[in-house]
Protein chains: 2
Amino acid sequence: MAAFKSALSGNRLLSDNRLDQSGTCMTNTAPDQRSDGLHYIDMRDRVAGRIASGELKPTDKLPSERQLQEEMGLARGTVREGLFQLEAEGLIYRRDRSGWYVSPPPVVYDPTRWEGFISYVEAQGRVPATETMSAETIVADPLLAEVFGRRAGAPLYMIRRRRHVDGRAVLVEQIVVDAALTPDLLRFSFDQSLTEILKSAYGLSVARNVVSMQPCALTGYEAEVLGAKSGLPGLAVQRTSYDAQGRVVEFDREHWRHDAVRISVDTRVR
Amino acid sequence: MAAFKSALSGNRLLSDNRLDQSGTCMTNTAPDQRSDGLHYIDMRDRVAGRIASGELKPTDKLPSERQLQEEMGLARGTVREGLFQLEAEGLIYRRDRSGWYVSPPPVVYDPTRWEGFISYVEAQGRVPATETMSAETIVADPLLAEVFGRRAGAPLYMIRRRRHVDGRAVLVEQIVVDAALTPDLLRFSFDQSLTEILKSAYGLSVARNVVSMQPCALTGYEAEVLGAKSGLPGLAVQRTSYDAQGRVVEFDREHWRHDAVRISVDTRVR
DNA sequence: GAGTGGTCTAGACCACGGG
DNA sequence: CCGTGGTCTAGACCACTCT
């Protein structure tokens, strides 16, 4: 019913920045007309309202589940149902056994550009941080051998990092580079920009990116290191970067929290 | 602990097609070593195992929740918890009040190319279908006016469509085009390719795409028309297409089921 | 009308976070 | 240590689908 207006407003994609405003998609906190009788939706709307009004701001802690339960006269399970809704919408997130918090706005990310995470995030007025989880020499399994066009067993470097925005862990990544192109790479610290290292120390720069993205659930290792509950929606990004000679410079797999990122790509059509 | 092998296997992104094999990410059905004592995870693993083994195939219906409950000696809530995990991972989906089904593999989609949905899907051996929900003339609100570089109040066409793959509704989209560039557009049927219409009837082709993507929750209208429960993870895609003169040819917003799509982009670095 | 998932209640105990 | 969320049980009734 003539919903095109609302379809375009309450839009997290349109504005280029900062749009923690109104609501999320279309269900929205909207008027007050709601109260479908669905208790967990009412609960969702009430909390969403507090966020929209600014009563609760990004990174604020919500009242405890038991407080909300009492406050709204519901069973705890129903309260949690409403919280899961809000989490799925990216409005709130949880810290294990600590509580529920209001999500900050997402970071905008263009995986087709060869710019570092750090410059991206800073350009958006946020504070980036990187932790190197591991950096080691590995040998190419058949899969990686194919990616890099080497024999199985060829030496590669693998770096695992965790990245933060404003102190919150938002992604884990695992980068593989060809040891033949980057001798002695492990002498560097990877808490800074790898992009920069590859360019300045090895003269490698990227001419082509092949990127693949898929909504996923964060489970196992990724959920654990992001401090997320297994099953939290996420975004898996895989990037293969080539230089002008067609050599694979970087093979990168990233797992993002779903509420922490917005992908933006600008391309000429071939 | 030396998990890089498993980090690269069980990978839905790597292979270019069909990879309903092993598991999803890393938690995997893996060995049998599990049985953490977490009942809903056991339950997840058991069902995931049946899917991995081929005992349950895409589009197959799972046993009812009450059957699973009895079969595994769990409370129904616990069974549902496990089913939600599998849903989040994209392994299964539900049809409201009908049952749970095994998800078919996702479609690969490149939003930066100006090819139609139909050719994409067919090229992957799947059966596409399109339903036009509405097609109407609207006037530009301030937001759309800015997008199209017109005055507020300028005439535009808006088309809403629902797209299916193999009979399953996987996305809803809302396309806005400039009426000044496409006079009398509404005389066409939009169950076929809009791309084709714009090119052959109006000589419009696309030189540049600006695409933005964000994991989201499907709620309200989108959830409803996709037959999904509100809160289901989805992917919101917004595309603005320009022709060689820099005029906006199409402004498109799509909402996909999270388990139905994988995004792939191939770009030259500028 | 039978069977399915969707919602909701009112408990319980546990594992972990943080003071 | 206490408070938090995480897991789990055992019911109940409803709304809808399917045949």
Side-chain angles (χ1 to χ4, degrees), chain A residues 27 34-45 47 60-88 92-102 167-169 218-220 223-232, chain B residues 27 34-47 59-88 92-102 167-169 218-219 223-224 226-232:
Chain A
T27 314
R34 188 128 291 143
S35 183
D36 313 69
L38 283 200
H39 293 169
Y40 77 90
I41 293 290
D42 281 351
M43 141 65 188
R44 185 225 92 104
D45 290 344
V47 173
D60 278 358
K61 189 173 191 293
L62 267 57
S64 79
E65 294 178 0
R66 286 165 176 92
Q67 267 175 276
L68 289 168
Q69 171 188 181
E70 194 160 347
E71 193 177 305
M72 306 199 177
L74 300 171
R76 195 173 144 222
T78 307
V79 168
R80 282 170 66 79
E81 186 96 4
L83 292 168
F84 296 157
Q85 277 278 324
L86 291 161
E87 183 188 42
I92 65 175
Y93 68 99
R94 44 183 150 172
R95 294 217 291 258
D96 192 66
R97 268 165 263 258
S98 160
W100 295 88
Y101 299 82
V102 179
R168 177 183 173 220
L218 302 175
T219 63
E224 196 182 316
V225 301
L226 292 179
K229 183 180 178 297
S230 175
L232 181 80
Chain B
T27 314
R34 187 129 291 144
S35 185
D36 313 68
L38 283 200
H39 293 168
Y40 78 92
I41 292 291
D42 282 350
M43 140 64 188
R44 184 226 94 103
D45 290 344
R46 286 222 251 167
V47 174
T59 76
D60 277 359
K61 190 174 190 293
L62 267 56
S64 79
E65 294 178 0
R66 286 164 175 93
Q67 268 175 273
L68 289 168
Q69 171 189 181
E70 195 160 348
E71 192 177 305
M72 310 202 176
L74 300 171
R76 196 172 144 223
T78 307
V79 168
R80 283 170 66 79
E81 186 96 1
L83 292 168
F84 296 156
Q85 276 276 323
L86 291 161
E87 183 188 42
I92 65 175
Y93 68 99
R94 43 183 150 172
R95 293 217 292 259
D96 193 66
R97 268 164 262 259
S98 161
W100 294 87
Y101 299 82
V102 179
R168 178 183 173 220
L218 303 175
T219 63
E224 196 183 315
L226 292 179
K229 184 179 178 297
S230 175
L232 181 79

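- Put simply, CG on B:Asp45 and CE on B:Met43 are 10.0 Å apart, with the number rounded to the nearest 0.5 Å.
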Exercise. Summarise protein proximity over nucleotides 11-19 of chain C in one line of letters, 5' to 3': B for base, S for sugar-phosphate only, - for none, counting protein heavy atoms closer than 4.0 Å.
Key: -BB-BBS--
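- A side chain to side chain donor-acceptor pair (under 3.5 Å) with A:Arg76 is found for exactly one of A:Glu81, A:Glu65, A:Gln69, A:Glu70, namely A:Glu65.
- For A:Gln67, taking side-chain heavy atoms from C-beta onward, the closest of the listed nucleotides D:dT7, D:dT4, C:dG6 is D:dT4.
- For D:dC8, the OP1/OP2 oxygens have no side-chain nitrogen or oxygen of B:Thr78 closer than 4.0 Å.
- Atom CD of B:Glu70 and atom P of C:dG3 are 13 Å apart (whole Å).
- Separating the CE atom of B:Met72 from the C1' atom of D:dC8 is a distance of 16 Å, rounded to the nearest angstrom.
- Geometrically, B:Arg168 engages B:Tyr93 in a cation-pi contact, judged by NZ or CZ lying under 6.0 Å from the ring centre and within 45° of the ring axis.
- An OP1 or OP2 oxygen of D:dT7 is reached within less than 4.0 angstrom by a side-chain nitrogen or oxygen of B:Tyr40.
- A donor-acceptor pair under 3.5 Å links the side-chain atoms of B:Gln85 to the main chain of A:Ser230, judged by distance alone.
- Residue-to-nucleotide proximity on DNA chain D shows that, of A:Arg80 and B:Ala75, the 5′-proximal contact is made by A:Arg80.
- Shown here are the side chain to side chain donor-acceptor pair (under 3.5 Å) partners of A:Tyr40, two or more places apart in sequence or in another chain: B:Lys229.
- Taking the side chain as every heavy atom from C-beta outward, A:Leu62 and A:Leu83 approach each other to under 4.5 Å.
- For the pair A:Lys61 and D:dT4, the criterion of a side-chain N or O lying under 4.0 Å from OP1 or OP2 is not met.
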